[in-house]
Each structure stands twice: as structure tokens, then as C-alpha cells.
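Numbers restart at 1 for each chain; the letters A, B, ... are given by sequence-line order, proteins then strands.
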Number of protein chains: 2
Amino acid sequence: MRKYSKQTRILVAVDCTIFGFDGEHLKVLLIKRGFEPEKDKWSVMGGFVQPEETPSEAATRVLFELTGLENIYMEQTEVFGDVGRDPIERTISIGYYAFIDINKYQTQISDLYHAEWIDIKEIPDLIFDHTKMIEIALEKLRYKAALHPILFELLPSKFTIPQIQTLYEKVYDSELDKRNFSRKLMSTGLLIKLQEKDKLNSKKGAFFYKLNEDAYKNNFEKFLNFIPNPQALIQD
Amino acid sequence: MRKYSKQTRILVAVDCTIFGFDGEHLKVLLIKRGFEPEKDKWSVMGGFVQPEETPSEAATRVLFELTGLENIYMEQTEVFGDVGRDPIERTISIGYYAFIDINKYQTQISDLYHAEWIDIKEIPDLIFDHTKMIEIALEKLRYKAALHPILFELLPSKFTIPQIQTLYEKVYDSELDKRNFSRKLMSTGLLIKLQEKDKLNSKKGAFFYKLNEDAYKNNFEKFLNFIPNPQALIQD
DNA sequence: TCAAAAGTGTTTCGTATACACCCATGT
DNA sequence: ACATGGGTGTATACGAAACACTTTTGA
């Protein structure tokens with residue numbers, strides 16, 4: 001059968017915003033663009049969708065090529081389709097986002113690639129509409145994390161309660177009561193207390209916990225409600 | 001500056017799922033496709049993105065061309081990008097959805113176009129992946145309506161409490177307690193009671209209400225929580 | 001011994017839910 | 001007079017939020 005001969009084909013790209021947490025700051029992975037236009041300017045991980053791959057496959061491939069990261073689950077944010085967003089040629093970009101434990105991939109990324117973790121509070125000027133892309137991705141992250149326990153993805157396999165609290169505080173840019181926070185966290189049944197303590201961040205030391213993987217999978221749909229008035233944080 | 005000469009351009013389409021409510025049933029607007037492939041099969045409102053328009057503009061234009069509907073606010077659902085989803089030629093489609101008051105546009109649509117309102121419970125076989133598109137759109141509608149008072153968009157300017165309740169029951173496919181429902185609804189301060197009654201659906205008659213437009217705009221972000229356990233309805 | 005962070009309990013309040021009867025009216 | 005759908009109130013339980021002191025230990 002014939003093609004849709006009268007229609008115009010358009011470049012389609014994917015752009016991936018990767019969030020990471022180092023125990024202290026919420027960061028995003030940025031890269032120095034290696035080609036024109038705007039060569040050497042910062043951007044999120046992006047590339048074109050190829051003829052034989054789905055956008056989601058493209059996102060996975062692009063992330064791997066630019067950072068070496070594999071097996072990272074990404075979700076769509078939204079489509080960025082302004083006609084002039086790329087000055088060279090019209091490109092419609094599909095946004096993706098993901099969140100990972102920084103330390104798990106730290107060496108790998110910084111040794112072999114030019115990607116860097118940048119504090120969410122200190123994002124430099126980015127190419128095109130990438131600033132907006134990160135904003136939208138953060139909004140989706142907040143939305144999702146208000147409803148599901150996804151922020152564990154950002155933590156190492158062993159973590160402390162104060163670390164999780166700091167993470168939530170950074171993501172929502174607000175302070176939380178540690179007594180209420182810890183009670184809610186425990187009531188989820190998602191955590192298993194370990195004997196070991198983290199003595200790096202305090203003299204007394206904080207107990208490490210690990211995720212109860214089974215409970216995590218089964219309770220993923222559970223509303224955590226860690227954030228007072230989550231609706232106030234949701235803008236779309 | 002040069003184009004991205006080595007890249008492949010791809011057809012980009014938009015597909016719009018329009019929800020409507022006639023006071024009794026939740027429906028979607030479907031159309032008989034006027035061209036091959038799958039001519040005369042049902043589909044949602046779709047068309048290709050043109051070189052000088054954004055996807056959102058394309059959605060607005062396509063909806064207008066196919067149904068005459070104007071000034072309808074649409075939101076993105078997600079991108080449908082499987083390589084073989086359109087057998088003629090690869091096409092990446094951006095999903096949109098909207099909700100409108102059926103009666104407001106009933107005549108206009110049925111007289112001039114081939115679009116028809118079909119009960120959500122009686123969707124026929126659709127072309128390509130359009131069944132999936134409607135599923136995703138319904139999921140987004142539920143998600144959104146659990147957090148924001150958007151379902152008023154589906155109602156006429158004058159409506160009764162039992163009508164709204166029926167609407168919520170259809171959207172969430174579940175039954176609600178009318179005492180609790182009406183109390184919550186009133187507590188939002190979004191409704192203004194009118195003197196007039198709707199005598200069509202009962203002997204006693206139900207009072208009409210209208211939306212307090214100012215309150216609606218200001219409280220749009222307010223979590224309504226009409227639906228018990230909204231998280232159980234949220235799957236993505 | 002003191003500074004710094006970890007850890008823990010109780011009370012209060014608001015909101016979600018469950019539940020049953022009377023009202024108005026057209027036939 | 002009765003059948004049909006509309007409209008209202010109360011009691012209970014649960015979860016969210018506010019709030020302060022003790023513990024541990026390295027310096």
C-alpha cells in the first residue's frame with residue numbers, strides 16, 4: 001500500500017532527565033553537547049529516534065551511549081514540539097525522566113563520559129528548551145513520589161532514615177517533622193532495620209535500613225502521603 | 001547552518017480522545033475514518049502534524065476539521081510510538097484528551113460531520129492502537145479528576161447534584177454514597193444553588209446549581225478526594 | 001562536658017465513612 | 001395512596017499534625 005505521500009516527515013528526538021541523590025543534594029545528569037548548534041553547551045541526554053526503534057528504546061539507547069547507564073527505568077514526561085525550538089531544523093522531542101542512586105554509577109560516568117551531576121539548585125544555562133524539560137521532569141517526579149514510594153530508587157541499597165528524610169526535603173524543597181516522617185515511613189512496612197550504623201554523618205550514628213523488596217513491589221500503588229498537601233505541589 | 005543530514009524524519013500525528021457526558025452515560029467521540037488504510041473503520045480524531053504548527057495546534061485543528069469543535073482545552077496523554085502501529089508507514093502519534101458537555105455541541109457535530117458519541121462501555125473495534133489510546137486517556141481522566149474538579153467541564157452550565165454524582169460514578173465505574181458525596185461537593189464552595197428545579201428526572205425535582213466560576217479558578221488545585229482510595233485507580 | 005544528630009510518644013483535631021429516615025410530587 | 005427519586009444529620013474511627021525531651025558519642 002502507498003505511503004502518506006502528501007505529508008511532511010519531522011525529526012523526532014528523545015531527551016532524558018536523570019535525577020540522582022548523593023545523600024545530601026538532589027542533582028541532575030547533564031552533558032556537554034558534542035555537536036553544533038550550541039556545541040559545548042550543557043544539555044540533558046538527548047538523541048534522535050531511529051527508524052526501527054520506539055521512542056522508549058531510543059531513550060534507553062541514548063542514555064547508554066552518553067553515559068554507559070543500563071537497565072534504567074524511564075517514564076515519559078511530555079512532548080516538546082514548538083516549531084522553532086531547535087534552530088537548525090524542526091525537531092519534536094519526547095521527554096523522559098528517571099532517578100538513580102548516584103554512588104552506584106559515579107565512577108563509571110565520570111571516568112568514561114563527559115556527563116556530570118549538577119545540583120538542581122545550580123543548573124547552568126542549557127540549550128533549547130532543556131531548562132523547561134527539567135522543570136517538567138521535576139514536577140512529574142514530585143507528582144509521582146507523592147503517590148508512590150519511588151524515591152527509594154534514588155538511594156543506595158543501605159540507607160538511613162535521616163537520609164531518606166533529607167531526600168524528601170530536597171525533592172519537595174520543604175522541611176518535614178522527623179517524628180511524623182519516621183512514623184509514617186515505618187508504618188509502610190517497606191523497611192528492614194539492619195544492625196549496622198552509619199557513623200559518617202553523626203557521632204551517635206544512624207541505623208542503616210534496607211528495602212523490603214517484596215513489600216515494595218506489592219505496595220507500590222499505596223499512597224504514602226508523606227507530603228502535607230501534595231496537591232499544592234502539583235501544577236499541571 | 002546545515003540540517004541534521006544523517007537523520008531520518010518520521011511522520012508525526014496527533015490523536016484526540018474526546019469524552020462527553022449526556023447526563024446518563026460517559027461517552028467518547030469517534031469518527032469513521034475517511035481514507036485508507038482501514039477506511040470506514042472507527043477511530044478517535046486524528047491527523048498529521050504540519051510543518052508550521054505545534055502538536056497542540058495540530059490537535060486543535062484536527063478536532064475542528066473533523067467535528068467543528070472549537071475552544072476545547074486538551075491535554076497530552078502520552079506518545080504512541082511502536083514501529084509498526086500504522087501498517088502504511090511509520091507514524092509516531094501524540095495522544096490528547098479533552099472533556100466536554102455533549103449537549104452543548106450535539107447538533108453541530110451530528111449534522112455536519114460523521115463523528116458520533118459512543119458509550120464508553122460499547123466501544124467498537126478501532127483502528128491501530130486506538131483502543132489503547134482511549135484506555136490511557138480514561139486513566140488520565142481518572143487521575144486528573146481525582147485531584148482536580150475537572151469533571152464540571154463535562155456538565156452543562158446548569159446541573160443537579162444527582163447528575164454530578166452519576167457522572168463521577170460513570171467515570172470511576174463505582175457507586176458513591178449520596179449523603180457523603182453531596183456534603184463533600186458542597187464543602188468545596190464551588191456551587192451556587194439556583195431557584196429552578198430539574199423536573200425531568202424525578203417527580204420531586206432536583207435543584208439546579210451553577211459553577212461559581214471565580215471559586216473554580218481559584219480552587220482548581222484543591223484536592224477533592226471524592227473517590228475513596230484514588231490511588232487504587234491510578235496505574236501508571 | 002558539651003555539642004550535634006538520632007530516636008521516640010502522646011494528644012488533639014479534622015475528615016472519611018457508615019448509616020436511615022423524611023420530603024415533594026406526579027400518577 | 002403510593003411509588004419514585006431528592007434531600008438531609010449524626011456518631012464513630014482513623015489518620016494527620018503539632019509538639020519536647022532523652023540518648024549516644026566524638027571532640
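Of the charged side-chain nitrogens involved, none lies within less than 4.0 Å of a carboxylate oxygen, so that B:K140 and B:E75 do not count as a salt-bridged pair. B:R179 and B:D177 are joined by a salt bridge, as a carboxylate oxygen and a charged side-chain nitrogen come within less than 4.0 angstrom of each other.
Contact of B:N180 with C:dA18 (side chain to base): a donor-acceptor pair of N or O atoms is detected under 3.5 Å. No N or O donor and acceptor, one from the side chain of B:R179 and one from the base of C:dT17, sit under 3.5 Å apart. For A:K203 against D:dA27, a side-chain-to-base donor-acceptor contact under 3.5 Å is absent. Taking only distance into account, the side chain of A:K204 meets the base of C:dA6 through a donor-acceptor pair shorter than 3.5 Å.
Side-chain polar atoms of B:D198 and B:T160 form no donor-acceptor pair below 3.5 angstrom.
Proximity of A:K178 to the phosphate of C:dA5: no side-chain N or O atom is located under 4.0 Å from OP1 or OP2. Distances shown here put a side-chain N or O of A:K199 below 4.0 Å from the OP1 or OP2 atom of D:dG26.
Aromatic pair B:F159/B:F21: centroids not less than 6.0 angstrom apart.
Contacts of A:N201 with the nucleic acid, taken as non-hydrogen atoms under 4.0 Å apart, involve only primed sugar atoms and P, OP1 or OP2.
Between A:Q163 and B:S202, it is A:Q163 whose nearest contact on DNA chain C lies nearer the 5' terminus.
In this structure, A:R183 places its CZ atom 8 Å from C1' of C:dG9, rounding to the nearest Å.
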